[in-house]
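Below is the structure I would like to discuss, written out as structure tokens.
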Protein chains: 2
Amino acid sequence: MNQTKTATRVQKSKKPNTLNRDNLEADIIAKAEQAFAEFGYEGTSIATIAESVALSKQNLLYYFPTKQILYKRVLDDVMQAWLGSMTKLATENLSPQDALTSYIKAKLQFSREHPWGSRVYGMEVITGAQFYRNEIKEKVIPVLRQDILIFEKWIAEGKIAAIDPTHLLFTIWAMTQSYADFSTQMCLVLNRKKLSTKDFDAAEKLIVDMVLATISIANQR
Amino acid sequence: MNQTKTATRVQKSKKPNTLNRDNLEADIIAKAEQAFAEFGYEGTSIATIAESVALSKQNLLYYFPTKQILYKRVLDDVMQAWLGSMTKLATENLSPQDALTSYIKAKLQFSREHPWGSRVYGMEVITGAQFYRNEIKEKVIPVLRQDILIFEKWIAEGKIAAIDPTHLLFTIWAMTQSYADFSTQMCLVLNRKKLSTKDFDAAEKLIVDMVLATISIANQR
DNA sequence: GTCTATAGCCCGATAGAC
DNA sequence: GTCTATCGGGCTATAGAC
């Protein structure tokens, strides 16, 4: 008890430790992520971000020396979280059906749990990836190409229909991504403020159905 | 001959006429559309747009009194072009298969022919439709709701499988829209500068295949 | 690490002559 | 309709005291 109190006092006098700084940086990044998603890069001022974490803008610039560096960190974190959440299509000995089902689940769950980050990434791509192009080239594209190779392997093995593997991946990406990027429009159609668990469940069921129906050999034209 | 020359001289001295002004405004809107798509609303300065149509920024403000008014006109034109290009799902006595095929074709063609406009609209939605929300509510949402009703009618008549009509529309929108919004990423995967006719043909074939396989009653889970 | 102060720039928009 | 000139404000970033 006393020890705890002392420890607290010591921590207090010793100024913020590493953990506190990490937490603060994580907080800044989270708030920046939301701001960039809502107003775009140029539409967001570092003063606004600083205010949302109760810092002065000069103080924010102590932690992130420039706005671009902060923006890059936001995108880095989004990409890392995305790469971490996506299971490889081919890691285990799953059937194409099971592998694709869990792939779609994971990607859709990411849209649900990281809507701001998904949108920041989406806006970066829409505007031509002028800032983050190299990182996308080096870290995202190879993963997508790998996934396409899996599709081709499955086709060669006769496990799925001979659909266009590249565009199949594009459509899966598009459908799952849109549940973050276009949720505003979806909410207007559905007349609700936020997409619910039920909406995501319905989306998952349909997207899985669509993809499985597409790769089903019986359905080939 | 002489008459033509005279007419030309007269036009020159009489200063720009209505037609010229219309053409100039259309030019401004086209350049603004591209700029907003590439840099976002806040990332685009009216000086940049003015320069691209060889006007001073003060002169541009003579034609469009504020930046917001110009932005709205860009979105108005995009929406009008989109509404004009989309055939109603139920206008003629088409089968669900034929109606959906031409629907997908039209939407995809719009992504191809109006990539900048599609992206401006996409960014507006991603950022929460903070500016254009009312117009989307009044002009886009009713159309989407109508389309969903058609799906429901087809289901009730047993013409298509009992899939979730709302989310089917969302996925069609997502897939077709992404060929404008995410073309940068697609080009990086495909290792080319621009999506080609072949790419759009492959996309169209796959998306049509996916949707037709999905609504096929034989495939129902 | 946090503060005050400010440099230096770009922006949207306006005023008024021609 | 087009020009010059400019206002007023917001922005990123830096300098330097504490």
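These numbers come from a predicted model, not from an experiment. Quick note on labels: first sequence line is chain A, next is B, and so on, each numbered from 1.
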Set of side-chain hydrogen bond (donor to acceptor under 3.5 Å, both in side chains) partners for Y63(A), sequence neighbours left out: none
Tell me, which pairs form a side-chain hydrogen bond (donor to acceptor under 3.5 Å, both in side chains) where one or both residues lie in residues 133-143 of chain B, sequence neighbours left out? K72(B)-E135(B)
Which residues satisfy the ring-ring contact (aromatic ring centres under 6.0 Å, His included) test with Y71(B), sequence neighbours excluded? F36(B), Y41(B), F131(B)
Whole angstrom is fine here: how far is it from CG in N59(B) over to C1' in dT4(D)? 13 Å
What residues form a side-chain hydrogen bond (donor to acceptor under 3.5 Å, both in side chains) with T87(B), not counting sequence neighbours? none
Expressed in angstrom and rounded to an integer, what is the separation of Y71(A) atom OH from dA13(D) atom P? 15 Å
Pairwise side-chain hydrogen bond (donor to acceptor under 3.5 Å, both in side chains) hits with a residue in residues 52-61 of chain B, at least two apart: none
May I ask you to list the residues of residues 127-135 of chain A, by number, that have any heavy atom positioned under 4.0 Å from an atom of DNA chain D? none
Separation of dC11(D) atom P from L60(A) atom CG, nearest Å, is 14 Å
Is D27(B) paired with K31(B) through a side-chain N to carboxylate O contact shorter than 4.0 Å? yes
Specify the separation, in whole Å, of atom CD1 of I69(A) and atom P of dT12(D). 14 Å
Taking only side-chain N and O atoms of Y62(A), does any of them lie within less than 4.0 angstrom of OP1 or OP2 on dT14(D)? no
Interatomic distance where CD belongs to E25(A) and C1' belongs to dG1(C) [whole Å]: 13 Å
Going by side-chain hydrogen bond (donor to acceptor under 3.5 Å, both in side chains), name the residues that satisfy it together with R192(A), two or more places apart in sequence or in a different chain. D199(A)
What string of B, S and - do you get for nucleotides 4-18 of chain C 5' to 3' if you count protein non-hydrogen atoms under 4.0 Å? BB-----SBBB----
List in chain and number order the residues that pass side-chain hydrogen bond (donor to acceptor under 3.5 Å, both in side chains) with Q109(A), two or more places apart in sequence or in another chain; answer none if no residue qualifies. E113(A)
